[in-house]
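Everything below concerns the one structure shown next.
In what follows, every heavy atom counts, from backbone to side chain, and hydrogens, waters and symmetry copies are set aside.
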Amino acid sequence: RGDRWDQWQERGALLHAEVAGRLHVPLVALARIDTLLSRTDRKTVTCPAYLLRARSLVELGRDEEAVRWFREADRTAPNRALRFVARLQMGEALARLGRGLDALEAFGRLRQLARADSELAQVGLAVGLSHRAMGDFAAAEEAWRNVVLAYPREDASRHARMELAMMLERDRHDFTGSLAEYEELAKQGTPRLLVEEAGRRAKALRDVERLRAALAESGQARPDALMDLAELYLLRLQLPDSALPLLTQVGALYADSAWAARALYGAAWVSASRGDSATAESLWHVLVAKHPDSRHARAVRAGRGELPVEAGESSAAGWAYHLGELAWLQARDAPRALAAFSVVVDSFPDASEAPRALLAMAWVEAEEYHDTLRAREHLRALADRYADTEPGRWAALASGTATVLRHQPYDVAPRLARIDTVMCGEIAPVDSLHRLGSVMVRVLIDSAGIARDVELVKGTGSLLCDDAALGAARAADYVSAQRGSAPVEAWLDLSVPFLPAGRDTTDGPA
């Protein structure tokens, strides 16, 4: 009522804008902030509003505008803490814009404000990111190592070590140095997601060294080892530039073999991910022409609409599930998606869509709200209610309980000891929640607990992710079967967990 708001209306508007920002609906946040700024001019309100406005613009990719509002927040900040946040985030936006010198100047002023070790560590981390954006890798390494040495107990120190490891891996191709940093970080207990990601990347780099040594020892370009190495780079390390020469080598040396189809498909996806659609289409054309009966060629044809799509009338549960997919994948409307999936689970518990809806709910809770407790509740319910479905087996595997024997003529059954979650969304993004779940594989485990053969039983619909799952199954750790007291060779049917890259369902956010 009236032109001006009281303090409670101002707080409500700020909270509304902040919640909208956390729900990744920046346009709603911007609209609410504009209304707030038209009703008040108090610095205790306008400065936080400027910060929220700038963050919303960052999410929309409008860093140039965001810098202006970060400056306004700095100018109007009523206290040192808000001024520190404004200058830190302004410097980060300048670095993303490629204005490294301006960013370093902002961070230089920021050091004068920093008091606690946690703040000084954040500044050092941001300085390293600016140097890396400028291509000065030596200066970035120096900045990050200084943070690691000076503030070993701060979370920013661990993030600095992670950035250092990834720079050594991706920019300098120093896998030995990168592996040492990942292994050191993996010894830490927190932040959990960061530490687990370091452990995954360390294992992948050890597998790279193992495959390189095997190729050097054999003295010849074996297609299976070359493809395993290429897929390590492509799918587990997200290093397409390192994968592409190996894929090209396999396609040239083994042009008439089944390995060539797999290599052509991977090379095409690398080209597509770089925006080179002409090269990708050319590679897909060669794949379909030379290897028409391969599953990779059939996938290309299905994507072009050349293969028939199964017809069927959607049920009420199917429609509700479809609405949930549209709300989440297209509109990014998490509340509406959860509501639609809940209708499927609560009203149609016997429908085939119900287990997929529970899995989708877990995914949305973990990714959008970072509520891993709720996500795990959904996974436990999924494993209990729908144990015989693919999503149910995936949920059971997430709880460490999902292995099924192909044969059981043993006194002690073979079992899975450890396997990496497959993440390959950066190269082959999943475009439908129908494809979530797992890859079913069949593994021959020898008496030493090593996978000697891996067969695909049922995939996700994404061939790159299926191939990554096969690689994860080959690299997993097993305990061999026993007959009496002697270890023996045995087959194991296994569900390999799959999530798109960047999504996790561990105990909490970093």
Side-chain angles (χ1 to χ4, degrees), residues 58 63 67 70 84 87-114 116-188 191 193-195 197-209 212 232-234 236-245 274 426 510:
V58 166
D63 283 309
V67 168
F70 281 131
F84 179 86
R87 290 187 183 180
L88 178 66
Q89 295 183 355
M90 179 176 66
E92 292 171 344
L94 288 168
R96 284 193 298 273
L97 288 168
R99 294 164 57 182
L101 293 177
D102 291 338
L104 291 174
E105 182 181 348
F107 293 139
R109 295 195 302 272
L110 188 59
R111 288 187 192 278
Q112 301 169 8
L113 284 176
D117 284 353
S118 59
E119 293 178 342
L120 289 167
Q122 288 181 60
V123 176
L125 172 62
V127 167
L129 290 170
S130 297
H131 282 302
R132 184 182 182 186
M134 296 167 63
D136 190 346
F137 302 136
E141 179 176 356
E142 181 182 0
W144 287 328
R145 289 199 186 280
N146 286 339
V147 172
V148 170
L149 292 173
Y151 312 105
R153 296 185 177 182
E154 300 296 331
D155 278 353
S157 171
R158 298 180 179 90
H159 284 282
R161 190 184 290 277
M162 187 68 170
E163 292 292 343
L164 172 60
M166 295 186 74
M167 184 191 72
L168 291 173
E169 176 191 314
R170 295 185 175 184
D171 298 321
R172 291 189 166 182
H173 302 287
D174 179 2
F175 291 162
T176 302
S178 179
L179 177 59
E181 298 297 336
Y182 284 135
E183 289 180 332
E184 187 62 33
L185 184 57
K187 297 176 184 177
Q188 308 294 322
L193 292 183
L194 192 71
V195 169
E197 175 64 11
R200 280 193 291 267
R201 298 191 79 85
K203 183 182 184 306
L205 287 176
R206 285 194 294 270
D207 289 342
V208 165
E209 294 303 319
R212 281 178 162 179
L232 270 173
Y233 286 136
L234 185 63
R236 291 173 62 188
L237 293 171
Q238 288 83 52
L239 296 173
D241 289 340
S242 297
L244 189 57
R274 292 171 164 176
E426 289 187 13

Would you tabulate the side-chain donor-acceptor contacts of residues 126-134 under 3.5 Å, counting partners in other chains and residues two or more places apart, or write 'none'?
residue	atom	partner	partner atom	Å
Ser130	OG	Ala126	O	3.2
Arg132	NE	Asp171	OD2	2.8
Arg132	NH2	Asp171	OD2	3.0

Measure the [atom1]-[atom2] distance between [X] and [Y] for me, rounded to the nearest 0.5 Å.
{"X": "Asp63", "Y": "Arg96", "atom1": "CG", "atom2": "CZ", "value": "4.5 Å"}
{"X": "His173", "Y": "Leu239", "atom1": "NE2", "atom2": "CG", "value": "7.5 Å"}
{"X": "Met166", "Y": "Glu181", "atom1": "CE", "atom2": "CD", "value": "13.5 Å"}
{"X": "Arg153", "Y": "Arg158", "atom1": "CZ", "atom2": "CZ", "value": "10.0 Å"}

Run the salt bridge (charged side-chain N to carboxylate O under 4.0 Å, His left out) test against [X] and tell me which residues pass, sequence neighbours left out.
{"X": "Arg109", "value": "Glu105"}
{"X": "Glu141", "value": "Arg145, Arg172"}
{"X": "Arg201", "value": "Glu169, Glu197"}
{"X": "Arg99", "value": "Glu64, Asp102"}

Contacts of type side chain to side chain donor-acceptor pair (under 3.5 Å), residue [X], not counting sequence neighbours:
{"X": "Glu119", "answer": "Arg80"}
{"X": "Asp241", "answer": "Arg274"}
{"X": "Glu92", "answer": "none"}

Next on the checklist: Taking atom CG as the centre, does Leu101 end up with more than 12 heavy-atom neighbours from other residues, nucleotides or ligands that are less than 6.0 angstrom away?
Outcome noted: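 Not buried by this count: 12 neighbours or fewer within 6.0 Å.
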Minimum heavy-atom distance between [X] and [Y], given as atom pair plus value:
{"X": "Leu120", "Y": "Ala114", "answer": "CD2-CB, 3.6 Å"}
{"X": "Val67", "Y": "Ala93", "answer": "CG2-CB, 3.8 Å"}
{"X": "Leu149", "Y": "Pro152", "answer": "O-CD, 3.7 Å"}
{"X": "Ala160", "Y": "Val148", "answer": "CB-CG2, 4.3 Å"}
{"X": "Gly124", "Y": "Trp144", "answer": "O-CD1, 4.2 Å"}
{"X": "Val58", "Y": "Phe70", "answer": "CG2-CE1, 4.1 Å"}

For [X], what residues pass the side-chain contact (heavy atoms from CB on, under 4.5 Å) criterion, not counting sequence neighbours?
{"X": "Glu209", "value": "Phe175, Arg212"}
{"X": "Ala198", "value": "Met162, Tyr182, Leu185"}
{"X": "Ala204", "value": "Leu232, Arg236, Leu237"}

